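Structure first, commentary second.
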Amino acid sequence: IEAAGEKTNRAQLTWDMYEDANIEEDKTHSERLTITTDRAEYLVGDTAIITVRAPFAGRLIYTLEQDRVISAHERAMPAGRNVTKLEIPVRAAHLPQIFVSALVVRKAPENKEGEVIRAMGIVRLRIREPEKELAVGIDAPQTARPNEPFKFVVSVRDNTGAPAAAVVTLAAVDEGI
């Protein structure tokens, strides 16, 4: 690759990621893995079942990520259906979410000219720990007038309904702005 007269090894990959994507594409030339979860959210202690579907067999490399790579794994993506299931134990360290990124690489001798040799995908696992969640309530007047004081009460309760100590940030916004 040459850029502005200088040799470089830069390359760019554009990857559109969004939830509930419904993308129709030619599966024989696909560079996307279909990664699905068995549930919308998980609790600490659950085991997430992740299904990975690839357009071809090969080597599956997957990572668990947050702001860093938590762990990396490798296994065969079986030929035939090109589907495998991953069992991910959900831990408190994964709160509030982790991402499962996956890459399937096809063996070079198996490629025909013009075929892709890798497919990628990513899925987010939403994680909760209800026994540590706090309920925040605000008792305030329905309306307030500009430059006039008003009173409100903020309450915080733990999962048993008992009052809980917390630091709360409150912002009031004038809808007329």
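Here the structure is a predicted model, which means the values were calculated and not measured. Side-chain atoms are counted along with the backbone in the values below, which use heavy atoms only and exclude waters and symmetry mates.
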Single-linkage hydrophobic cluster, 4.5 Å side-chain cutoff, [X] and [Y] together:
X	Y	result
Val153	Phe150	no
Ile50	Ile70	yes
Val168	Phe152	yes

- prompt: Would you find a donor on one side and an acceptor on the other, under 3.5 Å apart, between the side chain of Gln66 and the backbone of His94?
  reply: yes

Within this structure, what is the [atom1]-[atom2] distance for the pair [X] and [Y], rounded to the nearest 0.5 Å?
X	Y	atom1	atom2	result
Ile122	Arg32	CD1	CZ	12.5 Å
Thr37	Arg124	OG1	CZ	11.0 Å
Arg59	Arg75	CZ	CZ	9.5 Å

Min side-chain heavy-atom separation [X]-[Y] under 4.5 Å:
X	Y	result
Thr36	Val123	no
Leu33	Pro55	yes
Arg39	Asp46	yes
Tyr42	Ile88	no
Gln97	Ile127	no
Leu86	Tyr62	yes
Pro130	Leu43	yes

Candidate pair Glu87 and Ile49, rule side-chain contact (heavy atoms from CB on, under 4.5 Å), full reasoning: CA-CA 5 Å; Glu87 293 186 10; Ile49 307 297; 3.5 Å; yes

Heavy-atom closest contact ([X] atom, [Y] atom, distance):
X	Y	value
Val100	Ile35	O-CD1, 4.4 Å
Leu125	Ala48	CD1-CB, 4.0 Å
Asn82	Ala57	OD1-N, 3.3 Å
Phe56	Met77	O-CG, 3.9 Å
Ala166	Val156	CB-CG1, 3.8 Å
Thr47	Asp38	O-OD2, 4.3 Å

task: Please assess Leu134 against Asp158 for the test side-chain contact (heavy atoms from CB on, under 4.5 Å), listing each intermediate value before the final yes or no.
output: CA-CA 5 Å; Leu134 299 176; Asp158 66 18; 4.2 Å; yes

